[in-house]
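The structure under discussion appears below in the form of structure tokens.
Both counts, for ligands and for their atoms, begin at 1 and track the order of listing.
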Amino acid sequence: MLRHPAEHFFWIHYLCTMSTKNQVQTLMGRYTDELKAIGEKVLEGRRISETEGLILFEKGSLSLLGALANFVREKLHGDKTYFNRNFHIEPTNVCVFACNFCSYSRLYAHRDEGWELTMQQMLDVVKGYDGQPVTEVHIVGGVHPKMNIHFFAELLQKIKLHRPDLHIKGFTAVELDYMFRKAKLTTEEGMKLLHAAGLDSLPGGGAEIFAPEIRNQISADKVDGDGWLNIHATAHRLGMHSNATMLYGHIENYAHRINHMSRLRDLQDETKGFNTFIPLKFRNKQNEMSHVPESSIAEDMKMYAVARIFMDNFPHLKAYWPMLGRQNAQLTLSFGVNDMDGTIDDSTKIYSMAGSEEQNPSLTTEQLVTLIKQVHRKPVERDTLYNVLRDYSTEEVSTH
Ligand code: V47
Ligand code: SF4
């Protein structure tokens, strides 16, 4: 059985690997003047408006969107496709919030299934990677009512003491907002405290969809869109970098997606602190939104392509492969994506519980390199801040 409709996508993949201006212009010849004008803007490197982004979502064919997104991707990065070697720590699945799409939080529904790691257990996870060439730890979990900012500051200090060169990317704006408010600290005070303790950058989680009419229906009780943006702006002002996500493919419409991306694009104009945009496909298993159907693969590719075209000031676009599955993640590399996240050799639970393609997401470096090479891109290992650590494009790797 095919994991994704590969044959159907074959010709699209072919079209999307067209990258010269002339090739894309020839393809554009088939489209309406409205789409052609937007396409010309993209080819000239000019920013498209919210209205134009919406037109792309509503009227752009997958082949046109793919070709334009691939043009932008190759202009920025050529065939380079980044990944890093990281591992995750999930301190707890207990969460004071109750997002309807979440398959993970266990405070109210299933208290007996809740777990929390002690400081020592988390340090043991870090020590388990001693001698291994990982460069980043990604710390993210539920919002536990008892784990406060001082607990986490101590954890950060102890990780840095043990392994000073390990980049700590940790805590969504949702976790941070709760920690800061509980400690009665301003965002700036709280961020400075954690930064001084060893926090290097922020992951992109918790953004979901900023538009209040949707956010209030899917995650009403946690930090709102303004609060999320303010936390990232504060981190950027302190010299930290961060990522941004968007949870798509549930009850939002295209206008909500464009609004979300536009607010991120505006903040990026001001601070230039975002590294990567990561569209996250809504998965509907074991959560309160199981009745909402999941988006098709074609819709997913459209999402990546419009994101690459619209987010012109975001250097990188990431496909989180455990969520999409390996083959679909390969396909995204023809729709604007230039980053495949990491090797993640642990069992990240937040997605496997929501019904992601990968039940125990784990890929060795060799496997990730092979996946990227199979679709004729150049695998490049990076650190969290996209410094190149190793170019695998000319190295032989075995394919098992
Ligand atoms: O904010 C939760 C999402 C996010 C579901 O910055 C779901 O490098 C789909 O942000 N279906 C947390 N998505 C994870 C995250 C992340 C992951 C990988 C890399 C980075 C990075 C950040 O997970 C949450 C939420 O949007 N999520 N439940 C679900 N059912
Ligand atoms: Fe808590 Fe995050 Fe799940 Fe929302 S998505 S319930 S904040 S763990």
Under 4.0 Å from a heavy atom of T245: which atoms of ligand 1 are those, numbered in the order shown and with their elements?
10 (O)
For ligand 1, which atoms have a heavy atom of N243 less than 4.0 angstrom away?
6 (O), 8 (O), 21 (C)
Under 4.0 Å from ligand 1, counting heavy atoms only, is it the side chain of I278, its backbone, both or neither?
side chain
At under 4.0 Å between heavy atoms, what of N287 touches ligand 1? The answer is side chain
Just jot down the ligand 1 atoms closer than 4.0 angstrom to any heavy atom of L280, in number order.
3 (C), 4 (C), 10 (O), 23 (O), 26 (O)
Within the 4.0 Å heavy-atom cut-off, what E208 brings close to ligand 1 is side chain
Pick from R283, K169, E288: the one approaching atom 8 (O) of ligand 1 most closely through a non-hydrogen atom:
K169
Of G342, G249, G206, the residue with the heavy atom nearest atom 1 (O) of ligand 1 is G206
Within reach of ligand 1, part of Y320 (heavy-atom separation under 4.0 Å)
side chain
Distance-only N or O hit between ligand 1 and G205, under 3.5 Å
yes
Apply side chain to side chain contact (heavy atoms under 4.5 Å, CB included) to Q25 and list each qualifying residue two or more places apart in sequence or on a separate chain.
K21, N22, M28, E40, L43
Looking only at distances, please establish whether an N/O atom of ligand 1 is found under 3.5 Å from an N/O atom of P203.
no
